[in-house]
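The structure under discussion appears below in the form of structure tokens.
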There are 2 protein chains.
Amino acid sequence: MGDDPCVEETRRGRPTMNDVAAAAGVALKTVSRVVNSEPGVNAATASRVQAAIERLGYRRNDSARILRRGRTASIGLVIEDVADAFYSSLSRAVEDAALHHGYLLFTGSSREDAARERDVVLAFCARRVDGLIIVPAGSDHGYLAPELEAGIKVVFADRPPGAGCEADTVLCDNVGGARMGTAHLIAHGHRRIAFLGDSPRIFTAAERLRGYRQALAAAGLPYDEGLVAMGPADPARMRADLTRLLTASEPPTALLTGNGRTTVETLRALASLTDAADAGSAAGLALVGFDDFELADLLGVTVVAQDPARLGRTAADLLFMRLSGDEEPTCRIELATRLVPRGSGERPPLPLRDRTAG
Amino acid sequence: MGDDPCVEETRRGRPTMNDVAAAAGVALKTVSRVVNSEPGVNAATASRVQAAIERLGYRRNDSARILRRGRTASIGLVIEDVADAFYSSLSRAVEDAALHHGYLLFTGSSREDAARERDVVLAFCARRVDGLIIVPAGSDHGYLAPELEAGIKVVFADRPPGAGCEADTVLCDNVGGARMGTAHLIAHGHRRIAFLGDSPRIFTAAERLRGYRQALAAAGLPYDEGLVAMGPADPARMRADLTRLLTASEPPTALLTGNGRTTVETLRALASLTDAADAGSAAGLALVGFDDFELADLLGVTVVAQDPARLGRTAADLLFMRLSGDEEPTCRIELATRLVPRGSGERPPLPLRDRTAG
DNA sequence: CAGAAGAGTGACAACGTTGTCTAGGGTTGT
DNA sequence: ACAACCCTAGACAACGTTGTCACTCTTCTG
């Protein structure tokens with residue numbers, strides 16, 4: 001009475017193949033065969049094993065399986081922030097691809113922090129992912145050398161790896177997109193166009209600044225540093241920058257914003273600065289945003305659209321090609337951007353003396 | 001010459017602790033101690049081992065570690081869709097909590113498909129996650145019994161588990177929120193209020209419908225099925241439903257929309273139906289949306305705000321309490337919602353004869 | 001009818017790590 | 001000088017699975 005009432009049931013924790021084997025009266029290996037749908041098991045035996053599996057609630061231990069087999073059928077995705085719409089679209093595309101190939105997906109955010117990027121990547125490597133898709137935050141990827149050496153396939157997305165790291169890369173045409181957006185404003189008569197972008201140490205922000213400058217140069221317009229404000233999309237900073245721009249002696253008549261968050265915060269700042277209900281036309285400024293965003297259509301904001309889902313899909317396709325044995329030299333793909341006119345970018349320059357801000 | 005030029009370097013694949021031990025001239029176990037920062041290793045020995053680790057690019061194999069130790073220090077999160085803003089905020093909160101506790105996070109989307117939810121959950125269990133946070137798509141969670149039995153901690157978020165599954169649950173006050181939003185419209189003079197929601201087989205949609213009906217009843221207003229349209233947030237369907245509502249003999253003067261996507265698609269449909277640039281006031285309808293969304297402030301849309309980040313944080317806190325040994329009876333937490341007036345919900349009813357839609 | 005072929009099953013080692021136990025050698029206390 | 005101790009280090013088994021090989025029956029072939 002004081003003893004185990006039933007030894008078999010008292011076993012704590014998860015049942016193993018051994019337990020199933022004992023319950024079904026077969027050998028361990030036979031259970032393994034059933035679990036993995038391997039051929040060479042009598043139908044009657046198989047169903048007896050199956051019954052034992054269901055009765056005990058057995059689930060295969062993938063850690064043991066991975067340890068034994070070497071391949072994990074999982075990939076890792078490192079992005080900047082899951083909560084950002086751009087990256088969550090990208091995530092979803094990668095998740096779809098992983099599911100389609102029967103892979104499990106780890107996702108982690110770097111929060112634009114190189115050390116954290118490294119930690120997340122190495123944690124995934126410790127879990128022995130077969131491949132990685134990385135949106136790099138840092139610019140030194142030397143830490144990847146042993147991983148690449150060990151055969152882990154890596155694809156960089158949205159931004160290239162740091163110098164000295166050779167790997168497939170999928171980017172948007174940042175320079176071309178920014179050039180196109182700027183040229184669009186120039187074509188509508190603007191001569192003083194401000195550029196509001198993310199911190200210039202971020203690859204995409206620097207590239208877009210480059211495109212902006214190219215467009216100015218192509219049109220024979222001067223590059224004025226006073227019209228450029230770059231930094232993280234912090235509402236307070238952006239308000240201050242916009243106030244400075246708009247109260248300058250020669251304020252811009254148009255804005256090019258460097259990414260989705262910047263565009264949105266610019267719209268907010270403009271709305272709060274001008275008390276205009278219709279933010280799209282606030283202050284009479286023309287506006288082109290780099291990167292499309294939800295509701296840009298309703299707000300009438302002209303954008304240079306990237307396609308984050310396509311970016312993710314392309315990176316995943318590339319990764320799975322590598323995983324299935326493709327040994328071609330590494331490649332660098334640049335996806336085209338698309339200008340979507342919605343009104344805000346087609347406004348002509350307004351005489352600026354009429355209004356004051358602040 | 002034809003042979004291995006250097007046996008040690010030729011070894012394919014990843015170095016193991018054994019390799020490191022050999023390279024450093026110590027025993028396997030000593031390497032293990034160094035890797036895990038266990039005490040009892042001479043500083044000189046430790047640095048020799050460390051050097052070998054770096055030279056070989058050794059990374060611990062977590063599968064083996066997990067197999068040996070039993071605990072995985074990882075949790076799984078199953079949501080409906082990473083690309084949805086509500087769930088991506090929730091994800092981010094969970095990710096933060098996981099990071100803070102030193103746990104790794106698996107994320108998977110169910111796409112509102114019960115079978116897929118089950119597959120994802122079981123895949124995570126096969127990887128031996130210690131805990132799970134689930135936004136359930138299905139209503140039968142019998143498949144979780146063996147997992148719970150095996151000690152996996154489960155917290156349900158946003159929606160409760162199906163009958164017969166006992167587990168901690170964190171919800172929003174859907175009924176109260178919808179009641180509040182509806183009462184707000186009633187307080188502004190509306191008598192015919194339409195409800196546009198997600199498919200009624202989704203828990204939150206059904207609850208919100210319930211809140212809507214309660215508010216009507218409390219105000220002595222009749223419940224008119226003709227004012228209710230529920231289904232997935234498909235643009236075409238929503239346009240058709242709105243057209244039907246607005247061209248009815250007694251059209252509504254206000255709308256309550258049942259979630260973020262529905263609100264956004266409603267705004268789009270209204271804009272396209274009325275050609276109004278200012279979608280917020282399109283058709284003169286008052287509008288309250290359940291669930292806040294990016295740019296609702298600029299569009300002037302009154303919402304009943306949930307806090308997805310708080311939802312995720314609460315669920316994660318609960319899970320980590322369970323993981324650290326908390327054995328209290330399961331609980332069900334309901335988070336309050338908050339009404340955020342921004343204009344669209346404060347418009348008075350308009351005489352409806354003036355306009356025609358379609 | 002003997003021998004070969006094949007289907008079904010099981011024994012066993014190995015994957016890379018960690019927990020337990022043991023051994024060597026130096027220091028301390030009496 | 002001897003025992004008792006601590007510090008360091010290694011030997012070994014075990015975690016749960018899968019790949020390899022070997023064994024036992026049938027059944028088929030010559």
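Each chain gets a letter, A, B and so on, in the order the sequences are listed, and its residues count up from 1.
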Measuring to OP1 and OP2 of dT17(D), would you say a side-chain N or O of Ser32(A) lies under 4.0 angstrom away? no

To the nearest Å, how far apart are Arg59(B) CZ and dT17(C) C1'? 17 Å

Modelled atom types, side-chain donor and acceptor of Ser109(B) and Glu80(B), under 3.5 Å: no

Tell me: CG of Asn36(B) to P of dT17(C), nearest whole Å? 10 Å

Calculate the interatomic distance between Arg60(A) atom CZ and dT18(D) atom C1'; express it in whole Å. 11 Å

How many whole angstroms separate atom CD of Glu38(A) from atom P of dA7(C)? 15 Å

Indicate the ring-plane relationship of Phe106(B) and Phe124(B), choosing parallel, tilted or perpendicular according to the 30° and 60° boundaries. tilted

Pairs under 3.5 Å (N/O, protein and nucleotides 5-15 of chain D):
from	atom 1	to	atom 2	distance (Å)
dA9(D)	OP1	Thr45(B)	OG1	2.3
dA9(D)	OP2	Asn42(B)	N	2.8
dA9(D)	N7	Arg33(B)	NH2	3.4
dG10(D)	OP1	Ala27(B)	N	3.4
dG10(D)	OP2	Ala27(B)	N	2.7
dG10(D)	OP2	Thr30(B)	OG1	2.6
dG10(D)	N7	Arg33(B)	NH2	2.7
dG10(D)	O6	Arg33(B)	NH2	3.3
dA14(D)	N3	Arg68(B)	NH1	3.2

Heavy atoms under 4.0 Å, any strand shown: does Asp62(B) hit a base, just sugar-phosphate, or nothing? nothing

Kindly write out the residues that satisfy ring-ring contact (aromatic ring centres under 6.0 Å, His included) with Tyr87(B), not counting sequence neighbours, or none if the list is empty. none

Arg127(A) CZ to dG16(C) P: how many Å, rounded? 17 Å

Partner set under salt bridge (charged side-chain N to carboxylate O under 4.0 Å, His left out) for Arg322(B), not counting sequence neighbours: Asp168(B), Asp326(B)

Terminal axes of the helix from dC1(C)-dG30(D) to dT30(C)-dA1(D) (five pairs each): angle between them, nearest 10 degrees: 40°

Those residues at least two apart in sequence (or on a different chain) that pass salt bridge (charged side-chain N to carboxylate O under 4.0 Å, His left out) with Glu112(B) are Arg159(B)

Distance in angstrom units between Asn61(B) CG and dG16(D) P, rounded: 16 Å

Salt-bridge contact Arg116(A)-Glu95(B) (side-chain N to carboxylate O under 4.0 Å): yes

Residues Asn42(B) and Arg48(B): side-chain donor-acceptor under 3.5 angstrom: no

Tell me, please, which residues at least two apart from Phe320(B) pass ring-ring contact (aromatic ring centres under 6.0 Å, His included). His101(B), Tyr103(B)

Reckon Asn18(B) has a side-chain N or O less than 4.0 Å from the OP1 or OP2 of dG16(C)? no

With a 3.5 Å distance limit and no angle check, can you tell me whether Glu147(B) reaches the backbone of Ile152(B) through a side-chain donor-acceptor pair? no

